[in-house]
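Below is one structure, written out as structure tokens, with a few remarks after it.
FYI, the numbering just counts along the sequence from 1. Read the numbers this way: they start at 1 and go in the same order the structure lists the ligands and their atoms.
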Amino acid sequence: MSRQINVALIGNPNTGKTSVFNALTGLKQTVSNYPGTTVDKKEGVCRLPRGLKAHIIDLPGTYSLNASSLDENVVVELLLNKNDRNYPDVAVLVTDVENLKRNLLLFTQIKDLKIPTVLVINMADRMKRRGITLDIQHLEKRLKTRIALTSTRKNEGIAELKAIINNYKSLSTEPCLDSSVIDPVYFENLANAFPNQELYKLWLVISQDVNFGRIARKALNVEKFKTKSTSELKRLQQKETIKRYQFINDVLKVGQTIDTSKATDLRSRLDRILTHKVWGYVIFFFILLTIFQAIYDWATVPMDFIDGAFASLSHWLKDVLPSGIATNLLAEGIVPGLGGIVIFIPQIAFLFLFISVLEESGYMSRVVFLMDRIMRRFGLSGKSVVPLISGTACAIPAVMATRNIENWKERLITILVVPFTTCSARLPVYLIIIAIVIPEGRFIWLSYQALALMFLYMLGFASAIVSALILDKILKIKRKSYFVIEMPNYKVPLLRNVLITVVEKTKAFVFGAGKIILAISIILFVLASTGVGKQFNEAESIIRSEVAGQGLTEEDINTRIASHKLEHSIIGVTGKAIEPVIEPLGYDWKIGIAIICSFAAREVFVGTLATIYSVGQDDEDTIKNRMKKEINPVSGVPLFNFASGISLLLFYAFAMQCMSTLAIVKRETNSWKWPLVQLVVMTALAYVVALFVYQILN
Ligand code: GDP
Ligand code: MG
């Protein structure tokens, strides 16, 4: 008569559980689902010496016993329920030698449940290359367990593991550390109320998220003992995690040595350089510099082509179509509006090409790691780097990407500061203004214009970080979190993945932003070509009598009439109304209109100006040249000069001009308070900075 025991394979995802499972069971396995779920349940049989038969379950990957997903709940439900027919006689905790510290958190929790536990340290074949050595004896003593050092790839250590399982009766069931120290009084009360239960199990049942661990909760009926609020429980859980990591750090200090200078694999050598305290930042900086330079050098040709093509198209349409309101709408409203979108495709595509290559290659995770050192000091987490970098695409996905940040305070701060990073919508504004006001020379191989753009991106990040620091001081929310990063291996980016990202992001820009830009272009055209009152309706006769006898050409007169009409159109009147407010910043009412319109979305700025300047213009010219020709009516100097250009750039760098971002922040923070704070503070800051800079430069 053979005896059978249950063995559960438990561990973080990707530690090699399934590989160990295969090594133990061979082909004797079955796959089904856990009742009521779609989670895979793999079972198998392993024959051990002395007639012992091990029934082995490969449990879903889990990071801790505080379930946060259905997969993890399967593990928690099983381990909390001694009556389950699969309740393990032995837990085999599989860890990855390269991530031992993170993996051991779960181990210490399982030990607290007093289940006989074996520790498998897998992927031993990678130790030498990573410069890792282990003191197994020390680890066994401190962790109160037996250790099997395995490599399923080389089929090593499996026999030892079988032998340990076979001797499961001699495994210690003593916990590694006393978790009740996190709140001794509470734990003592618990122990008194349920004298027959494992203390740690009670704690797990009580502190589990309401959606998980239901079976055990029902069985134990702890509800009436739930004297602590959810936030108190969360705080205690964090305290517990910290205690555990302190213990693990302490054990690994002696038990594990990682001599990265001895590591020989390419990955370690690359890591050593790319995350170096000095070189890491220097390299990151040069990569950024190269990207911005490339955006400029490579995109100029297609951009000039597009710019010219749309100008010709407008002109051509006017020639071939019968003159009238519909033709004007098409040639002066829709086509320039479309041109204002299409022209940015080359630069946006190049930017995302680089970002996705960095992500795909694995380099971005090194940046996250590198930046964590700095981010911590500013109340952010290393994980905030991803939203901040995604923010260069669009604040909306970036705000959504903050969901990875576990700690609420760090998450809120990240959400609040993300709109400072330079999103692709600001890019068009920057590009056109830089092209007009920054000279074309080069400093060594870097053009001034590329440097200016890079400066604006840096300014975005810097403002985000400084505001984070201020928010960290102001917000009265407690913060304590552990940051564990997954470092993927380096790989040559898959061309397909990169191209998909580029196409997707570009499409999102064209169809997301494009729709708004086009709609606003049309509205603007209508508002700019309708007006009320004598000045608008009789513009022609007013101007003609004004210039009579001055010997102007017919073309000049037409231009005068058009601009007189524009000035007295609905939009001109509105722009003028806000002129007193923006005049100290160096702007005129036309820029005022563009600013008002860009509160819907920033990228509308260029399209708006394009539309405004195209109205009534017959000559074939690019938007850029038209903007260059504008004269400030007050001072008589070019409207877009160095002082007003820089002032505008800075205004756009700081102002919160995006209704969609405000909407998403409202959704993610579940209150109007935070989006309103963003709107008011950022816009006020933008105004003050632009005012200050213009007054100094002028
Ligand atoms: P699970 O998610 O824990 O079930 O892990 P898997 O068994 O699916 O393994 C995850 C990855 O690690 C796979 O790519 C395996 O090939 C790899 N792997 C598993 N064991 C070893 C090992 O001993 N050495 C090495 N180098 N890789 C391993
Ligand atoms: Mg698996």
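With a 6.0 Å cutoff to the six-membered ring centre and a 45° limit on the axis angle, Arg366 counts as a cation-pi contact of Tyr490.
If you number the atoms of ligand 1 from 1 as listed, the ones under 4.0 Å from a heavy atom of Ser151 come out as 23 (O). Applying the 4.0 Å criterion to heavy atoms of Thr18 picks out, from ligand 1, the atoms 1 (P), 4 (O), 7 (O). Near Arg126, with a cut-off below 4.0 Å to any heavy atom, the atoms of ligand 1 are 26 (N).
Each of Ile500, Val498, Leu499 was scored for a side-chain contact (heavy atoms from CB on, under 4.5 Å) with Arg496, with one residue passing: Ile500. For the side-chain contact (heavy atoms from CB on, under 4.5 Å) test with Leu104, the passing option among Leu143, Asn12, Asn249 is Leu143; the others fail. Here the rule is side-chain hydrogen bond (donor to acceptor under 3.5 Å, both in side chains) with Glu240, and of Arg244, Gln237, Lys243 only Arg244 fits it.
Of the possible polar contacts, none joining the Ser384 side chain to the Leu380 backbone as a donor-acceptor pair under 3.5 Å is found. Asp112 places no side-chain N or O within 3.5 Å of a backbone atom of Pro175 that could act as its donor or acceptor partner. Between the Asn122 side chain and the Thr15 main chain, a donor and an acceptor come within less than 3.5 Å of each other. In this structure, the side chain of Glu360 does not engage the main chain of Val357 through any donor-acceptor pair within 3.5 Å. Gln208 contributes a side-chain N or O that, together with a main-chain N or O of Leu204, makes up a donor-acceptor pair within less than 3.5 Å.
Atoms CG and OG, from Leu202 and Ser207 in turn, are 10.5 Å apart once rounded to the nearest 0.5 Å. Atom NE2 in His138 sits 10.0 Å away from atom CD1 in Ile147 (nearest 0.5 Å).
The nearest protein atom to atom 20 (N) of ligand 1, hydrogens excluded, is given as Thr152 OG1, 2.7 Å; this is a heavy-atom distance. Of the protein's non-hydrogen atoms, the one nearest atom 2 (O) of ligand 1 is Asn14 N, 2.9 Å. The protein non-hydrogen atom at the shortest distance from atom 5 (O) of ligand 1 is Gly16 N, 3.0 Å. Here the heavy atom of the protein found nearest to atom 14 (O) of ligand 1 is Arg153 NH2, 4.5 Å. Here the heavy atom of the protein found nearest to atom 24 (N) of ligand 1 is Asp125 OD1, 2.7 Å. Of all protein heavy atoms, the one lying nearest to atom 19 (C) of ligand 1 is Ser19 OG, 3.3 Å.
Among protein atoms, those of element N, O or S found less than 2.8 Å away from the Mg ion (ligand 2) are Thr18 OG1.
Considering each of Met123, Glu98, Lys17, the one bringing a non-hydrogen atom nearest atom 18 (N) of ligand 1 is Met123.
For atom 10 (C) of ligand 1, a protein non-hydrogen atom is found at a distance below 4.0 Å.
Counting heavy atoms closer than 4.0 Å to ligand 1, residue Asn122 contributes side-chain atoms (C-beta onward) but none from N, CA, C or O.
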Legend entry - CA sep, side-chain torsions, deciding dist, call: Arg142, Asp250, salt bridge (charged side-chain N to carboxylate O under 4.0 Å, His left out): CA-CA 10 Å; Arg142 292 293 310 273; Asp250 197 42; 3.4 Å; yes
